[in-house]
Q: 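The structure follows.
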Protein chains: 2
Amino acid sequence: MRVPERVSTTFWRAVTAWLLLYWQFSTPGRGPELPFWPHPCMRKASERPTATVHEVARVAGVSAATVSRLLNGTAKVSDDKRQAIEQAIERLNYKPNVLAQNLKTGSSRTVGILTQSLASGYFADAMAGVDDALQGTGYAPLIVSGHWHADEEAERIELLIARRVDGLVILSGNLEDAQILALSEQVPIVVFGRDLQGPRTYGFSLDNYRGACDAVEHLVAHGHRDIAFIAGPSDHRDALARLAGYRDTLAKHGIKAQRKLVLQGDFSESGGLRAVERLLASNQRFTAIFAANDLTAYGARLALFRRGITVPDEVSVVGFDDLHSSMYTTPPLTTVRQPLFDVGQRLGRAILRMIRQQPLELEVPEPSLVVRESVRAI
Amino acid sequence: MRVPERVSTTFWRAVTAWLLLYWQFSTPGRGPELPFWPHPCMRKASERPTATVHEVARVAGVSAATVSRLLNGTAKVSDDKRQAIEQAIERLNYKPNVLAQNLKTGSSRTVGILTQSLASGYFADAMAGVDDALQGTGYAPLIVSGHWHADEEAERIELLIARRVDGLVILSGNLEDAQILALSEQVPIVVFGRDLQGPRTYGFSLDNYRGACDAVEHLVAHGHRDIAFIAGPSDHRDALARLAGYRDTLAKHGIKAQRKLVLQGDFSESGGLRAVERLLASNQRFTAIFAANDLTAYGARLALFRRGITVPDEVSVVGFDDLHSSMYTTPPLTTVRQPLFDVGQRLGRAILRMIRQQPLELEVPEPSLVVRESVRAI
DNA sequence: TTGAAAGCGGTACCAG
DNA sequence: CTGGTACCGCTTTCAA
């Protein structure tokens, strides 16, 4: 007896199906509560492959080209054919295959978003804005995260480009300007967090310097002179701008900058907490704290709380960003508002225009101080 | 003189290019600070279309099929050819066109994630978890948001399916179970927030009831008997489970449930704030508040703060979810932790297994009480 | 092990 | 306005 050289695939399907079945029932700990997993060959019936243009065309008695034309409005189609096609589409429940469209048109109708953290309220707002702008345009966002690490960012962007995104939205990050410009050879890019311009690149940032000035002005106007500053990461341009705003505003009012009042933070709650602990330990006199961002302010506020120092009665606190939750801290935090959702929308609209090769019309929104209850006049 | 019927496209290109140019310089308010926008025909040079398999094949002196085989490891390729191909790939900087691969293989190497809000810390953690699980697998997440609205959810899912996602991760939401099961005909689905099982569906939720019981037990163990509860939306199953846990635990300890101590909230800070204002206005005695989620607890805490009621000295507060920020509220919030990142990872791994037709191995994580400083013994 | 060739599902050009 | 047809870039038989 000879074994046939090429055993039919049907045979093997059956074999693996039975193996799978056997495995499921024999594996210890795989009780009935786990879902039964059918082998694909047992599921074929439920897979209803969607119709194609050709089938629609055949049913409607026209050519595939005509169906395509109707669907895309590329050309006029006579009324009777339109009706026939529409009926056929209805009957076959036809849905165009985006994958095929993509291949043909060379565009994936997708814009990549590079964020730094999926779990950050700061970026989430901006992403929501981009998403909002993309809504109803046929473009979908493909979101990846670079975790504030240049290498990772570059790698993720490669991924996006491999997937042929039509445009790229970069939210901050540590990439070099030159890298971004280089990337823009391959895909139009808008970037938030730096001012950048190129043939297929447009970047803008909010005026962090100005925001910081406003915050410190506010404090000074309320009689504060001994104002501590908890800085952000020293390699972060926004953090640096905020520090500069703090310094310059102090100088403008003839207040001598005291080195001990500037603490290093890292844009996180724990950084703020530790900074204030150091500040307290230094015995330096201060009546107010300006935190480089809201998270830092939260941490600072907790450190004060632990020492029984009340806000704003004993110490005033100002933050930066205006995260949602800053409205509900105790007391509600006075902070510099960054309109991130708005920023996101603008980014989304901008990348869409770039993709469509329309000229940009952009005005950059401004940060603004939102006064709540964490500052007291002294 | 006759005008040619079909004017060359080159001609029109030139015309539109000049129009665009003219427009840019003539539009008032379009100063030099706006980026100059070149017409596509002026950019062709910078667009470096990536090489194709065929070109690689030609350069390497082999067939396209062989290149494909090498790339996918589908079959053995002789050493000399491999070298030639690798060199050609290097030289041409070849990158496979994912779009074409997608069309051919019928899979987009994409999993859709339906979240309810892009800007919510709760969902963000779960999404980060899914993203983490997908990392390095070749699958990318396509994220859409349903905004807690069944219609919108259904619509967004249609979008995902049109884009031929290979799998779907649904984070909570208001879809009917039946709808989800129906959808699973077209694509495997894992869903968080409900217990669901089907041939291509797997859903699980955390034990909200149990979590709520733990929270109330904790309060009772600290001597509290007049415990207020701020409920979540009454159409939300998690909210209901938490309410049930509250009621049952009270009953278990022989504490009479008082109707006035159960306030309606909506899972938001403002809901919590208003609820406590109503509670205070009702003059009902209470020594503790159990909030249906952390956001609600934040609002409740602010309402107490406004009245000068201290936490935990006068009133204890317990939340649910354990958002990041709960660690830094004043005082840090005692709350029921939902391991959302972990949940996200499991969801991601699960959908991957379903896509690959591997059997599932799932154990559901448990919520756990994390004790911080917002509860005092009385 | 390898090459030729047939599509995957659309779109767009051409001629009529 | 419409149908025929080539092709987008890749994978996968089939046959050698």
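Throughout, a chain's letter reflects where its sequence line sits, starting with A, and its residues are numbered from 1.
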Q: Mind calculating the distance between CZ (R82(B)) and P (dT1(C)) to the nearest angstrom?
A: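 It works out to 11 Å between those atoms.
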Q: Need the bend value for the helix from dT1(C)-dA16(D) to dG16(C)-dC1(D): angle between end axes, 5 pairs each end, nearest 10°.
A: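 Roughly 40°, once rounded to the nearest ten degrees.
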Q: With L159(B), which residues qualify under side chain to side chain contact (heavy atoms under 4.5 Å, CB included), at least two apart?
A: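 In terms of side chain to side chain contact (heavy atoms under 4.5 Å, CB included), with neighbours along the sequence ignored, L159(B) is linked to no residue.
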Q: Output all residues satisfying side chain to side chain contact (heavy atoms under 4.5 Å, CB included) with T52(A), sequence neighbours left out; order by chain, then residue number.
A: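 H54(A), E55(A).
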Q: Let me check something: any side-chain donor-acceptor pairs from residues 128-139 of chain B under 3.5 Å, sequence neighbours excluded? List them with distances.
A:
residue	atom	partner	partner atom	Å
D131(B)	OD2	Q135(B)	NE2	3.3
D132(B)	OD2	Q345(B)	NE2	2.6
Q135(B)	OE1	R156(A)	NE	3.4
Q135(B)	OE1	R156(A)	NH2	3.3
T137(B)	OG1	L134(B)	O	2.5
T137(B)	OG1	Y139(B)	N	3.2

Q: Of all the choices, dT2(C), dT12(D), dG3(D), which nucleotide is nearest to the side chain of S63(A) once you look at every atom?
A: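 Comparing dT2(C), dT12(D), dG3(D) against the side chain of S63(A), the answer is dG3(D).
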Q: Judged by atom type as modelled, is there a donor-acceptor pair below 3.5 Å linking the side chain of R164(A) to the main-chain atoms of S107(A)?
A: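 A pair under 3.5 Å: no.
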Q: Excluding sequence neighbours, so at least two apart, what forms side-chain hydrogen bond (donor to acceptor under 3.5 Å, both in side chains) with T74(A)?
A: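 Listed in chain order: nothing, the list is empty.
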Q: Can you give me the N/O atom pairs linking the protein to nucleotides 6-9 of chain D at distances under 3.5 Å, or say none if there are none?
A:
residue	atom	partner	partner atom	Å
dC7(D)	O2	K104(A)	NZ	2.9

Q: Let's test your reading of the model: under 3.5 Å, does the base of dG10(C) pair with the side chain of R69(A) as donor and acceptor?
A: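 Flag unset: no donor-acceptor pair detected.
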Q: State, yes or no, whether a side-chain contact exists between V111(A) and V165(A) at a heavy-atom distance under 4.5 Å.
A: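 In short, these two side chains do not touch, never coming nearer than 4.5 Å.
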Q: Would you call T66(A) and I85(A) a side-chain contact if the rule is heavy atoms closer than 4.5 Å?
A: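 With C-beta onward as the side chain, the pair touches.
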